Amino acid sequence: MGHASHTKPRIECILTVDVEDWFHILDIPQAPAEASWHLLPSRIEKNFMSLLDLFSENNTHTTCFFLGWVGERFPHLVQEAARRGHEIASHGYSHRLVYEMERNEFLKDARRSRKLLEDLSGSPVIGYRSAGFSVTDKSTWFFDSLVEAGYRYDSSVFPAARNHGGMQNSKREPNTIAAAHGELQEFPISIADLMGKPMCFFGGGYLRLFPYWLIQRKAQEVLENGRPVVFYVHPREIDPEHPRLPMSMVRRFKSYVNLHTTRSKLKNIVRDFPLTTFRDYMEKQRVNQHEPVLMAGAN
């Protein structure tokens, strides 16, 4: 199908980047401890800058969920992303699974990353995404903790079965969660059905595994249901030569399958879909509802 025959959907979709390094893989015994991360050869600068260049070439703005540790170690990446007009959001500081944390330590981690990223970017950080979409039905304190930590929206809910995390009975559409400390806008990871089974097609190993024609078809189904498609990618996924961590064969397949296809699929997504950030999406929704626009720098 040639470029000229593509017609972009009318509903804007959200393109997101989880800004972490190749060794930030979760839930495997061989994952390096945080204390040793600084000793490992980083590839985040080259890979993330390559993504930014790809986005700039197509005048595309994304939401960048920065791991606080990455922002602290590579502050110029946060600043460059902000300079190019991307939204800076939080991926937590230490990349820990939510269901392995107590509320107080999660709250401390979420606050630490938000303040750090705000100081680096010079703008409010209102969005959060948990490591591995690891919020579960048992993490009853999660959403209220985010409001308490100063966030206004979250994109951590994975409304289908998942090895770590997953809230199978959650809503698929964006929704507002009423918590004790206030309201939180939730943007679940996009899910579509395949042979009656809810699945993700739009990020990580799912994006790498499935052929692009199927990703595009399933994205259209999501859009026809009135939901924006939330795409996500990690910088390591455009780097087929990055180092590998030892892990089981099944997990190795999930972590490393089809790395060589990520860049071309991203180019197709940027070409075929109207893309925006979570912040801009929320602002447009407020305008449409005749509500006050969220202004940069607002408390």
Side-chain angles (χ1 to χ4, degrees), residues 16-38 40 44 63-73 78 88-119 125-170 177-189 200 203-204 230 232 234 245 247 251 254-255 278:
T16 67
V17 183
D18 290 357
V19 190
E20 58 193 61
D21 220 324
W22 64 270
F23 45 82
H24 290 127
I25 293 181
L26 292 159
D27 208 21
I28 58 172
Q30 300 85 355
E34 181 180 347
S36 67
W37 288 351
H38 70 288
L40 298 170
I44 190 68
T63 296
C64 299
F65 288 100
F66 268 89
L67 199 61
W69 184 91
V70 169
E72 190 170 60
R73 188 164 175 79
V78 178
I88 306 302
S90 170
H91 199 32
Y93 183 88
S94 297
H95 208 238
R96 293 181 59 191
L97 295 165
V98 171
Y99 56 77
E100 291 184 350
M101 302 173 75
E102 298 295 332
R103 175 170 182 157
N104 286 343
E105 58 182 338
F106 172 82
L107 183 60
K108 181 179 179 181
D109 183 278
R111 280 175 167 162
R112 180 183 182 185
S113 61
R114 183 180 64 81
K115 185 177 188 309
L116 170 70
L117 295 171
E118 287 184 341
D119 289 345
V125 170
I126 64 170
Y128 184 87
R129 173 174 286 163
S130 65
F133 312 112
S134 53
V135 59
T136 70
D137 292 319
K138 295 181 180 179
S139 310
T140 55
W141 44 262
F142 173 78
F143 302 106
D144 189 50
S145 295
L146 285 180
V147 180
E148 188 177 358
Y151 295 96
R152 301 186 189 179
Y153 77 83
D154 173 66
S155 183
S156 300
V157 170
F158 194 94
R162 184 170 171 80
N163 285 343
H164 40 256
M167 300 179 70
Q168 299 183 49
N169 297 319
S170 292
I177 295 173
H181 285 84
E183 292 186 342
L184 186 76
Q185 185 73 21
E186 178 62 40
F187 292 92
I189 298 305
C200 177
V230 178
Y232 67 94
H234 305 86
L245 293 173
M247 59 186 74
R251 191 63 192 279
K254 292 179 179 179
S255 297
F278 279 123

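Below, each value reflects all heavy atoms present in this structure, side chains not excepted, and no hydrogens, waters or symmetry copies. Keep in mind that what you see is a predicted model, and the values were worked out from it rather than measured.
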Tell me whether the rings of F142 and F106 are parallel (<30°), tilted (30 to 60°) or perpendicular (>60°).
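It falls in the tilted class, 30° to 60°.
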
Treating [X] as the side-chain partner and [Y] as the backbone partner, does any N or O pair qualify as donor plus acceptor under 3.5 Å?
X	Y	answer
S155	F187	yes
Y151	A110	yes
T136	K138	yes
S36	P32	no
D154	S156	yes
S134	Y99	no

What is the minimum heavy-atom distance between L26 and A131, and which atoms define it?
CD1-C, 3.7 Å

Considering non-hydrogen atoms only, spot the tightest contact between A31 and I25 and give its length.
CB-O, 3.6 Å

What do the steps show when you test W141 against V98 for side chain to side chain contact (heavy atoms under 4.5 Å, CB included), and what is the final call?
CA-CA 10 Å; W141 44 262; V98 171; 3.8 Å; yes

Among residues two or more places apart or on two chains, list those pairs meeting salt bridge (charged side-chain N to carboxylate O under 4.0 Å, His left out) that have a residue in residues 126-137.
D18-R129

Take W22 and L245 through the side chain to side chain contact (heavy atoms under 4.5 Å, CB included) test and state the conclusion after the steps.
CA-CA 9 Å; W22 64 270; L245 293 173; 3.8 Å; yes

Between R114 and E118, does at least one N-O distance fall below 4.0 Å, as a salt bridge requires?
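So R114 pairs with E118 through a salt bridge.
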
Salt bridge or not for E183 and R152, using N-O below 4.0 Å?
no

Report the residues that fulfil salt bridge (Lys or Arg N to Asp or Glu O under 4.0 Å) with R103, sequence neighbours left out, ordered by chain and then residue number.
D144, E148

Aromatic contact between [X] and [Y], with the criterion being ring centroids under 6.0 Å apart: yes or no?
X	Y	result
H38	W69	no
Y153	Y128	no
F66	Y93	no

Given V19 and L67, is the side chain to side chain contact (heavy atoms under 4.5 Å, CB included) satisfied, shown in steps?
CA-CA 6 Å; V19 190; L67 199 61; over 6 Å; no

Quick one about S90 and S113 (side-chain donor to acceptor, distance below 3.5 Å, no hydrogens or angles considered), yes or no?
yes

Are F143 and V135 close enough, and set up right, to give a side chain to side chain contact (heavy atoms under 4.5 Å, CB included), and what steps lead you there?
CA-CA 9 Å; F143 302 106; V135 59; 4.2 Å; yes

Please report the interatomic distance CD1(I126) to CD1(I88), rounded to the nearest 0.5 Å.
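Spacing of CD1 (I126) from CD1 (I88) equals 12.5 Å.
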
